Amino acid sequence: MVKKVETVFVGMSGGVDSSVTAALLKEQGYRVVGVYMKNWSQDLPGLPCPWKQDYQDAKRVAVQLGIDFKMYDFEKEYRHKVVDYMIAEYQAGRTPNPDIMCNQEVKFKLFLDTALADGADLIATGHYARTVHSSGNSKFQAPNLVLDPDRGSKQIPKTNDQNSKHAGLYVAANAEKDQTYFLYRVTEQALARTLMPIGDFETKDEVRALAKKLGLATAAKKDSQGICFVGKVGIRDFLSQYVTTKPGAIKDQNGIVIGEHDGAIFYTIGQRHGLDVGGGLPYYVIGKDMQKNEVYVTTDLDDENLWKNELKLTDVHWINDPPEEGKTYQVRTRYRAPLTPGKIKIAQNNTHRSTSSNREERCEVFLEESVRAVTPGQSAVIYDGDRVVGGGIVV
RNA sequence: UGGGGCGUGGCCAAGUGGUAAGGCACCAGUUUUUGGUACUGGCAUUCGCAGGUUCGAUCCCUGCCGCCCCAG
């Protein structure tokens with residue numbers, strides 16, 4: 001029996017990680033097609049958009065590897081699904097996480113669908129995370145899969161639907177670089193089609209070393225950071241392009257006006273800098289009122305508004321089964337924040353719900369310890385050991 | 001205008017005759033696929049102004065300017 005050579009479309013950003021991803025999959029015998037997703041190309045004041053450079057770097061690597069290469073233009077959808085969402089959220093007084101939305105809507109929906117329609121069997125990205133498939137196609141297995149008896153067979157949910165594959169999302173071997181926080185909204189169906197070989201690397205140095213060994217053009221390229229399209233411009237300058245702001249009062253914990261800000265939209269809970277108010281102890285933002293255009297701050301690091309152990313989530317998304325009531329999970333309320341143990345209570349919703357969509361559904365999280373600066377608009381991601389259960393948007 | 005106090009970088013604030021602590025803010029860098037946090041570094045040739053005493057003054061003296069408090 002001849003095994004069919006599977007075709008995998010690799011999202012290549014022009015960085016090291018996705019370059020190595022493509023190289024590894026080629027080495028493993030896949031037919032690899034590199035794809036550069038053009039999500040944003042507009043220059044912003046002070047900073048030209050680096051998309052051409054990134055595209056060329058990706059292309060260069062593709063040529064080196066001898067793989068096909070193409071570009072998908074998602075600018076319109078990206079603008080609509082990610083940028084507009086982000087701006088609207090900020091205007092509503094929340095602090096959104098555009099990269100989570102980018103993964104949900106663009107990389108693991110639009111890109112996936114486009115690739116599948118374009119001849120792909122699978123897609124791959126350079127994320128620091130691991131997918132585990134039930135189909136047996138995957139060469140990547142979660143290390144603790146067999147070691148943790150508690151999880152047992154629950155790990156890969158059973159179903160009657162023979163056509164849909166099943167998959168789980170697991171944290172990267174390199175816990176420091178783990179990016180599952182940005183991926184919790186990806187669907188199981190998408191994960192079942194996704195490979196993330198970089199998730200098996202224990203250090204970034206190993207990734208770079210491999211890139212260097214393979215002679216990839218991107219081996220020494222500096223890590224990118226910041227919102228992909230905003231780059232180094234900064235959220236402040238970016239937002240200013242789209243919304244008009246007015247100065248307003250900054251009030252301390254006693255209600256005293258201690259300064260003036262240039263737009264409440266620019267501030268987020270827990271923020272310290274940018275207030276331009278000095279005089280003794282540092283001030284931290286504990287809240288804001290978009291209606292009044294006021295920002296509230298405190299010098300008290302123990303201020304009750306800065307620490308929360310109960311949070312409500314909306315727009316929840318569970319990759320596999322919803323969390324079990326009464327069970328203790330680990331919760332992360334912001335990227336790279338420490339995990340905090342807690343229990344999840346799913347809110348009863350009267351409205352009908354198909355199993356595939358959990359939007360509108362809410363839940364409550366009860367943490368064993370208070371965490372700092374829980375912020376509306378940010379996500380709380382729930383883990384069961386190494387497995388990502390899902391999460392929701394903080395209300 | 002009587003009495004007392006004070007005026008040190010954007011803010012708070014030590015110093016008090018030997019050549020300007022510290023904190024906040026700000027700036028830069030590090031960390032980071034959000035925002036933020038955190039970490040590291042930078043940041044007053046100058047102490048309200050003008051004179052004087054002194055080898056030497058932010059610190060002593062005089063005058064002026066400004067502020068605050070009490071008294072009235």
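So that the names make sense, note that chain A is the first sequence line, chain B the second, and so on, each numbered from 1. This one's a predicted model, so the numbers in the text were calculated from it and none came from an experiment.
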Name every donor-acceptor pair, under 3.5 Å, that has one atom in a side chain of residues 60-69 of chain A and the other anywhere in the protein, sequence neighbours excluded.
{"from": "A:Arg60", "atom 1": "NH1", "to": "A:Asp57", "atom 2": "OD1", "distance (Å)": "3.3"}
{"from": "A:Gln64", "atom 1": "OE1", "to": "A:Ala217", "atom 2": "N", "distance (Å)": "2.9"}
{"from": "A:Gln64", "atom 1": "NE2", "to": "A:Gly215", "atom 2": "O", "distance (Å)": "2.8"}

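Closest to the side chain of A:Pro98, out of B:rU34, B:rC24, B:rG36, is B:rU34. The side chain of A:Phe182 sits closest to B:rU33 out of B:rG36, B:rU33, B:rA38. Nearest nucleotide to the side chain of A:Gln271, out of B:rU34, B:rA25, B:rG36: B:rG36. Taking every side-chain heavy atom of A:Arg336 into account, B:rU31 is the closest of B:rG36, B:rU31, B:rC26.
With sequence neighbours excluded, the residues forming a side-chain contact (heavy atoms from CB on, under 4.5 Å) with A:Thr340 are A:Leu367, A:Glu369, A:Val371, listed by chain and number. A:Pro341 pairs by the side-chain contact (heavy atoms from CB on, under 4.5 Å) definition with A:Thr328, A:Glu368, not counting sequence neighbours.
Comparing the C1' positions of B:rU30 and B:rU37 gives a spacing of 14 Å, expressed to the nearest Å. For the C1' atoms, the distance from B:rG22 to B:rC65 is 30 Å, rounded to whole Å. Spacing between B:rA14 and B:rU8 at atom C1', rounded to whole Å, works out to 10 Å. As rounded to the nearest Å, B:rU54 and B:rC68 have P atoms that lie 37 Å from one another. Using atom P as the reference point in both B:rC26 and B:rG5, the two lie 37 Å apart (nearest Å). Taking the C1' atom of each, B:rC70 and B:rC47 are spaced 28 Å apart, rounded to whole Å. Look at the C1' atom in both B:rC12 and B:rA25: the space between them is 10 Å, to the nearest Å. The gap from the P atom of B:rA50 to that of B:rG41 amounts to 36 Å, rounded to the nearest Å.
Taking atom CD1 on A:Ile258 and atom C1' on B:rA25, their separation rounds to 11 Å, with Å as the unit. A:Tyr128 has its OH atom 11 Å from the C1' atom of B:rU33, to the nearest Å. Protein atom NE2 of A:His273 is 12 Å distant from nucleotide atom P of B:rA28, rounded to whole Å. Rounded to whole angstrom, the span from the OH atom of A:Tyr181 across to the P atom of B:rG35 amounts to 12 Å. Rounded to whole Å, atom C1' of B:rU33 lies 14 Å from atom CD1 of A:Ile198. A:Gln91 places its CD atom 19 Å from the P atom of B:rG35, with the value rounded to the nearest Å. In this entry the distance linking CG of A:Leu301 with P of B:rG23 reads 16 Å, nearest Å. The nearest whole Å value for the distance from the CZ atom in A:Arg332 to the P atom in B:rU33 is 12 Å.
Every pair passing side chain to side chain donor-acceptor pair (under 3.5 Å) that includes a residue from residues 285-295 of chain A is listed here, sequence neighbours excluded: A:Lys251-A:Glu294, A:His261-A:Asn293, A:Glu294-A:Tyr296. Listed by first then second residue, pairs satisfying ring pair (Phe, Tyr, Trp, His ring centres under 6.0 Å) with a partner in residues 180-215 of chain A read A:Phe182-A:Tyr335, not counting sequence neighbours.
Annotation: cation-pi geometry not satisfied between A:Lys343 and A:Phe366 (NZ/CZ under 6.0 angstrom from ring centroid, within 45° of ring axis).
Across all strands, A:Gly274 comes closer than 4.0 Å only to sugar-phosphate atoms, never to a base (heavy-atom distances). Residue contacts for A:Ile100: at a heavy-atom cut-off of 4.0 Å it reaches no nucleic acid atom on any strand shown. Here A:Gln179 lies in heavy-atom contact (under 4.0 Å) with a base. Base engagement by A:His127 is indicated by at least one non-hydrogen atom pair under 4.0 Å involving a base atom. At a threshold of 4.0 angstrom between heavy atoms, the contacts of A:Thr375 include nucleobase atoms, whether or not backbone atoms are also involved. A:Tyr267 comes within 4.0 angstrom of nothing in the nucleic acid, heavy atoms only.
Between A:Lys70 and A:Asp118 there is a salt bridge, since at least one side-chain N of the basic residue sits less than 4.0 Å from a carboxylate O of the acidic one.
A:Tyr335 has a side-chain polar atom (N or O) that falls below the 4.0 Å cut-off from OP1 or OP2 of B:rU33. Remark: A:Lys177 is in phosphate contact with B:rU33, judged by side-chain N or O atoms under 4.0 Å from OP1 or OP2. Distances shorter than 4.0 Å separate some side-chain N or O of A:Arg272 from OP1 or OP2 on B:rA38.
Taking a pair to require two hydrogen-bonding distances under 3.5 Å in either a Watson-Crick or a G-U wobble arrangement, B:rG42 pairs with B:rC26. Pairing partner, B:rC6: B:rG66, with both Watson-Crick or wobble hydrogen-bond distances short of 3.5 Å. With a cut-off of 3.5 Å on both pairing distances, the Watson-Crick or G-U wobble partner of B:rG51 is B:rC61.
With RNA chain B read from its 5' end, the first of the two nearest nucleotides for A:Ala373 and A:Leu275 is the one closest to A:Leu275. The residue among A:Thr333 and A:Pro282 whose nearest nucleotide of RNA chain B is located toward the 5' end is A:Pro282.
Between the base of B:rU34 and the side chain of A:Gln378 there is a donor-acceptor pair shorter than 3.5 Å.
A:Tyr170 places none of its side-chain heavy atoms less than 4.5 Å from the side chain of A:Val388.
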For ring-ring contact (aromatic ring centres under 6.0 Å, His included), just list the numbers for A:Phe108 and A:His127, CA-CA rounded to whole Å, side-chain angles, deciding distance to a tenth of an Å, and then say yes or no. CA-CA 12 Å; A:Phe108 296 94; A:His127 284 104; 5.7 Å; yes
When you compare the protein's N or O atoms with those of nucleotides 8-11 of chain B, which come within less than 3.5 Å of each other, and at what distance?
{"from": "B:rC11", "atom 1": "O2", "to": "A:Gly279", "atom 2": "N", "distance (Å)": "3.2"}

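The number of heavy atoms from other shown groups lying within 6.0 Å of NZ (A:Lys204) is above 12.
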